[in-house]
There are 2 protein chains.
Amino acid sequence: MNIGEIARRAGVSRSTVSYVLSGKRPVSDEVRARVERVIEESGYRPSATARALAQGSTRTIGLVIPPMGSHLSIDQLQFVGSVAEAAADHDHDVLLSPSGRDEVFDRMLGERRVEGVIVMETLLHDARVSRLLQEPVPFVTIGRTGSETAHAWVDLDYAGLVTTAVRRLAELGHRRIALVNRPQELLDQEYGPAFRAQDAFDKTVAELGLGGHLVCCADDTRAGEECVRRLLADTPELTALVSINERSLSGVVHGLKATGRTLPRDFSVVAVTSQANAQGIAPAVAGADVPTAEMGRSAVEALLAAIDDPAKAPAQVLLRPELIERASLGAAPVSRA
Amino acid sequence: MNIGEIARRAGVSRSTVSYVLSGKRPVSDEVRARVERVIEESGYRPSATARALAQGSTRTIGLVIPPMGSHLSIDQLQFVGSVAEAAADHDHDVLLSPSGRDEVFDRMLGERRVEGVIVMETLLHDARVSRLLQEPVPFVTIGRTGSETAHAWVDLDYAGLVTTAVRRLAELGHRRIALVNRPQELLDQEYGPAFRAQDAFDKTVAELGLGGHLVCCADDTRAGEECVRRLLADTPELTALVSINERSLSGVVHGLKATGRTLPRDFSVVAVTSQANAQGIAPAVAGADVPTAEMGRSAVEALLAAIDDPAKAPAQVLLRPELIERASLGAAPVSRA
DNA sequence: CTGAAAGCGCTTACAG
DNA sequence: CTGAAAGCGCTTACAG
């Protein structure tokens, strides 16, 4: 079943069928009704491939997902879903490209399967971005790169979030605070969030004259427990911590409980993580909820804007969700303050 | 830059350029070299859209991902990645369709963007599958449906895994065992894994004359803790549990520790979860590692086989990873056995 | 071994 | 308001 067959059955030309479908040209009510009936009866849908070829647009965007086996989180799958949904809202489809599979990346770009690309988990120095900067295709990164060349990005303001969290803890009387960061290897790779969180933590702690303790932690529960045990052994006076490591968070909280701390009476925890994760831990963890849906939507909209008008200044969106106070956050213990 | 321009520059016909690219017809060494040089110099890549139209094949498969905000797990993102990688190994791309977005699903199928579809998180009665059964497009479900009509699927043998786990615990002397299942709402929706695990648990426990305790648990850490507390309050003689709920697992283990149990001396835990999750908990949890990569690969291969020969009997792959003994598993405590 | 031409299924300027 | 025709960029039978 194709447009020619519909035209024949309705007794009109193929162009008329096309215009009935697209609405780009007025069609008399009578003809329109006839064509629509035939389409209805036959269940005809135009071929996306043929349309893409004729129009020169695939209405598809590429999404470069992190390589397998690396630091995948629930947030990231949520993000993938939200990109697909936001794209659907704009009548676009999403094609997946696993990072590290250069053939797929090459095919998406070289063979013009996509109109633009979203890159997840961008590093400060990112080979994929270097590659994209040489191509004519618009793209948006999740996370900023160190690239001087301006390009569109959407990022969470880790520096701002960490600063706010430390300030709030200081207001509550906490004087010795730790930062639980992502794994050391990510810092080594210059992963932006780990990098900027650490920097902001150092500065804020210094500015407020607090005792600050940095620790990197692997992305799992067990590492969270160990990390807390080590921290408390080294610095028993610690009364609060800020975590940007969502996968170790429940381990961190359990580690605190295991060493006899009751939250928030003896110890406070503030984290950057998804709302579901923060509330899925007992006690519920205060902090900034990572707005995955909003990030997905912003990225898609920034990309579509760039596709629409490549000359326009690239959108750069820095999201900074507010700090939500939940049961894990309280005043510093009087005895220790 | 298109095939005509390459042909002109190389002084050959467009068909010759096409045959140099596809290798479907012999081309003299001299002509081939000339064409290849021009292609090389110009960086020409054929348009995927034009090729798809001419060949009648998009070389793209659709992946229907679970709706957002529902029970997403790390395993599932891994699975998405492994589908993309397996597809890439067979020169196919992956188009995403968020469940619940019927327009996207309709577009994928109706507008023939994809050659076939993989459906994640299938329910026993699944609207998406009913829809697919009426379409001519091949598809593979992850998880079996209750449909009598045969279709291709890939599933984990939850029944077998639970049975094996219970038997092993019985061998080790455990007499009262609990099953920590997925949330009640999934059972109500007739989610296959939850359903079959429960059924197998009931049967095996009865067969071995053990005391069996069923409990549904929400998909988070806090729920795991509460669930264990409730279980132990009701049945203090419990010495082991089997969990198929990966997201609550660390809470379950911490709950056990919080009630004074030392694993595996006082209590044993066996779980079906990803290897990373099992090993990211202290002590490492024994059980069957969900083989996400293998499931993704099997699904892609089953789908490509169905696309290749729709008449062939659909592949039905039941995976049953072996039970791995880790630190959480041991003999029943003597005092209680 | 190579080329001229038809065809894939659409869209859209051009004409009336 | 409608149609005939060219064109999107490939592939592939047909001919030589």
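Each chain gets a letter, A, B and so on, in the order its sequence line appears, and its residues count up from 1.
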- Message: Can you identify which nucleotide, out of C/dT2, D/dT2, D/dC10, has its nearest atom closest to the B/Val27 side chain?
- Response: C/dT2
- Message: Can you tell me which nucleotide in C/dC8, C/dG3, D/dA4 comes closest to the side chain of B/Ser13?
- Response: C/dG3
- Query: Where the side chain of B/Val12 is defined as all heavy atoms beyond and including C-beta, which of D/dA4, C/dG3, D/dG9 is the nearest nucleotide?
  - Reply: C/dG3
- A/Asp29 atom CG is separated from D/dC1 atom P, nearest whole Å, by 9 Å
- Report the distance from atom CD1 of B/Ile3 to atom C1' of D/dT12, rounded to the nearest whole Å. 11 Å
- Would you state whether a donor and an acceptor, one from the side chain of A/Arg112 and one from the base of D/dG9, lie under 3.5 Å apart? no
- Task: Would you indicate whether the side-chain heavy atoms of A/Asp89 and A/Arg297 approach each other to under 4.5 Å?
- Result: no
- Message: It should be established whether B/Ser28 places a side-chain nitrogen or oxygen under 4.0 Å from OP1 or OP2 of nucleotide C/dT2.
- Response: yes
- Task: Among the candidates D/dC10, D/dT12, C/dT2, find the nucleotide nearest to the side-chain atoms of B/Thr16.
- Result: C/dT2
- Task: Please determine which of A/Arg320, A/Gln316, A/Arg144 meets the side chain to side chain donor-acceptor pair (under 3.5 Å) test together with A/Asp155.
- Result: A/Arg144
- Who is the Watson-Crick or G-U wobble partner of C/dA13, with both distances under 3.5 Å? none
- Message: For a quick check, tell me whether the side chain of B/Arg25 and the base of D/dT12 share a donor-acceptor pair closer than 3.5 Å.
- Response: no
- Query: Closer than 4.0 Å, any side-chain N/O of A/Lys24 to the OP1 or OP2 of C/dT11?
  - Reply: no
- Query: Considering only D/dA13, D/dT11, D/dC1, which nucleotide approaches the side chain of B/Ser18 most closely?
  - Reply: D/dT11
- Message: Pick the closest DNA chain C nucleotide for B/Gln55 and for B/Pro26 by heavy atoms, then say which residue is nearer the 5' end.
- Response: B/Pro26
- Item | Spacing of B/Leu21 atom CG relative to D/dT11 atom P, expressed in whole Å | 7 Å
- Would you mind reading off the distance between B/Arg14 atom CZ and D/dC14 atom C1', rounded to a whole angstrom? 16 Å
- Message: Quiz question: by atom type and distance under 3.5 Å, do the side chains of A/Arg9 and A/Ser42 form a donor-acceptor pair?
- Response: no
- Message: Taking atom types as they are modelled, would you say the side chain of A/Ser15 forms a donor-acceptor pair with the base of D/dA5 within the 3.5 Å cutoff?
- Response: no
- Task: Compare the minimum distances between each of D/dC1, D/dG3, D/dT11 and the side chain of B/Arg51, then state the nucleotide with the smallest one.
- Result: D/dT11
- Note on the structure: Only one of B/Leu124, B/Thr122, B/Val119 passes side chain to side chain contact (heavy atoms under 4.5 Å, CB included) with B/Thr145, and that residue is B/Thr122
- How do B/Tyr19 and B/Ala50 order along DNA chain C: which one's closest nucleotide is nearer the 5' end? B/Tyr19
- A/Tyr44 side chain N/O closer than 4.0 Å to the phosphate oxygens (OP1, OP2) of C/dC10? yes
- Message: Ignoring hydrogens and geometry beyond distance, is a side-chain donor-acceptor pair present between B/Tyr191 and B/Glu185 at under 3.5 Å?
- Response: no
